[in-house]
Amino acid sequence: MKRIEVSDLRSQRWFDAPGIRSFNVRTRALQMGYSRRDFEKKPVIAILNTWSDFAQCHSHFKQRVEEVKRGVLQAGGLPMELPAMSLSETMVKPTTMLYRNFLAMEAEELIWSHPVDGVVLMGGCDKTTPGLIMGAASAGLPAIFVPAGPMLTGRYRGRPLGSGSDNWKFWDERRAGTISEHQWHDMEASLARSPGHCMTMGTASTMTSAAEALGLTLPGAASIPAVDSAHARMASDCGRRIVELVWEDVRPQSIATRASFLNAVAVVMALGGSTNAVIHLIAMAGRFGVPLTLRDFDEVSRVTPVLANLRPSGAHLMEDFYYAGGLRGIMSRMTDRLDLSCLTVSGLSLGETLMGAEVFDDDVIRPLDRPVASEGGIAILTGSLAPDGAVIKHSAASPNLSRHQGRAVVFEDRDDLARRIDDEALEVDETSVLVMKNGGAVGAPGLPEWGALPIPKKLLAKGVRDMVRISDARMSGTSFGTCILHVSPEAARGGPLALVQDGDLIELDIPARRIELCVDADELARRRDAWTPPAPFFSRGYGRLFAEHVTSADQGCDFDFLHAGTATPEPKIY
Ligand code: FES
């Protein structure tokens with residue numbers, strides 16, 4: 001195993017160079033109570049901690065960071081905690097997606113500007129995983145990801161409750177009047193029982209699992225419940241391992257290759273994972289200089305069955321998944337679909353990390369001959385309504401709507417939808433196609449999770465629980481329904497979605513991967529001539545930077561100036 005020398009440690013340029021600058025650095029370290037032996041000849045490990053009083057999914061990180069530090073110290077490194085933006089999915093408005101790139105930039109700059117040799121990334125709530133990994137990819141130092149772990153299963157009157165999925169399901173029942181105010185408040189108190197991220201196969205579980213499949217966590221880490229003692233041990237293991245990764249000079253670029261990204265895509269499909277993974281994995285790959293396209297997702301999806309029987313596509317929750325064998329268990333059932341030679345941060349190949357992995361519950365992790373669905377949960381659609389692509393989680397959609405023709409009922413934006421969706425006079429029936437414009441990265445802005453458009457109240461009262469719904473927005477990974485998302489180009493950039501009008505015929509054919517706007521070309525040309533883009537939402541600040549530089553959903557919504565390129569020069573220290 002190759003090992004670097006003490007003189008190769010990046011941190012020593014700060015701490016151990018001749019001259020006044022190093023004197024100042026050492027003086028200030030001593031000011032904090034460190035002595036020379038704390039930082040001399042040792043790897044300095046930054047711990048990027050996305051804890052905050054607002055980050056409900058990371059409320060255990062105050063304790064976990066101490067466990068990471070213990071591991072770093074035991075291995076002979078110096079742990080230094082760096083707080084990073086916490087991005088609570090529920091608290092941050094208008095949407096955390098607006099700030100994923102902000103966190104990625106912050107992570108990169110925190111790492112780069114400090115005397116750091118290696119990085120521990122602590123995240124889990126939806127955008128924190130891709131944001132931290134994107135930043136670490138661009139910084140390029142040895143890195144390991146500590147996933148927050150899912151919270152415990154919710155319980156209500158003896159029934160398991162899944163965060164997100166059951167919120168949406170019971171909200172429809174509440175609107176339909178089948179649940180009382182009292183029951184609604186009881187559910188509110190029964191849903192989230194412990195620290196940890198959402199315990200459905202929503203975006204958080206999808207992305208932490210993808211990080212593990214990429215090789216950026218220790219084997220098995222992503223499935224451990226947040227409050228399990230194994231989670232604390234995993235955190236310490238990460239602290240020990242990052243010090244070794246520094247000495248071995250193993251950088252994420254040697255781990256996150258095209259082959260490992262295709263492994264991650266296959267795992268997302270087998271999990272029935274979130275549609276948000278499409279955007280995040282493309283953005284993460286872009287930071288590593290790895291080509292990854294919508295077509296890759298569709299090709300992998302067609303040959304990968306859904307094996308995880310987890311909500312919202314299935315029945316169980318993440319705690320059940322862990323006891324059933326977790327991510328190592330499911331990967332052991334799909335080894336012929338994975339490149340087992342890929343390296344992981346453990347120092348072992350993916351194949352080596354799966355040795356001895358087992359499945360203990362065939363209903364939670366299905367065998368290949370009894371899958372939840374015969375192909376992956378996500379399909380990529382193209383056609384005249386979405387020339388650059390759109391995404392649907394068809395494992396969580398209604399099978400009877402997979403081929404559908406219907407007349408459009410159009411909402412110009414989310415405000416228009418909120419005003420009219422429950423209007424008794426709205427001309428809509430269960431065959432209609434609900435269309436919402438201006439929910440995209442530029443139009444909303446920030447690509448919020450507005451894509452599970454609500455069913456009109458008068459149809460809910462008739463028992464309708466799903467309809468074809470189309471938008472350029474995203475959808476929560478915990479949501480379900482026949483929702484076509486991320487329509488690209490988005491309406492605010494002049495995509496065909498901007499031209500749809502009430503009564504237009506729309507054809508959906510998921511098996512053929514088609515989504516068509518059946519309006520003749522002359523009429524569309526007339527509408528295009530009359531179309532004007534919406535006024536920019538932000539005139540200043542980060543929001544303006546976002547709108548001016550964010551790429552389209554099919555390209556991952558990263559900033560155009562942050563894609564992989566030549567390495568950022570090391571800071572000058574004079
Ligand atoms: Fe944090 Fe769902 S709110 S993962």
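When a ligand or atom number is given, it counts from 1 through the structure's own listing order.
Near Gln56, meaning under 4.0 Å from one of its heavy atoms, ligand 1 places the atoms 1 (Fe), 3 (S).
The pair Glu181-Arg174 meets the salt-bridge criterion, with a side-chain N (NZ, NE, NH1 or NH2) lying under 4.0 Å from an Asp/Glu carboxylate O. We find that Asp126 and Arg100 are not joined by a salt bridge, their nearest charged nitrogen and carboxylate oxygen being 4.0 Å or further apart. A salt bridge between Asp362 and Arg333 is present, with a side-chain N of the basic residue lying under 4.0 Å from a carboxylate O of the acidic one.
Here atom 2 (Fe) of ligand 1 has protein N, O or S atoms under 2.8 Å from it, and they come to 1.
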Apply the test ring pair (Phe, Tyr, Trp, His ring centres under 6.0 Å) to residues His60 and His231: give CA-CA distance (whole Å), side-chain angles for both, the deciding distance (0.1 Å), then the verdict.
CA-CA 10 Å; His60 54 319; His231 196 272; 5.5 Å; yes
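Within 6.0 Å of CZ in Phe54 there are 12 or fewer heavy atoms belonging to other residues, nucleotides or ligands.
In this structure, a donor-acceptor pair under 3.5 Å is present between the side chains of Ser346 and Thr344.
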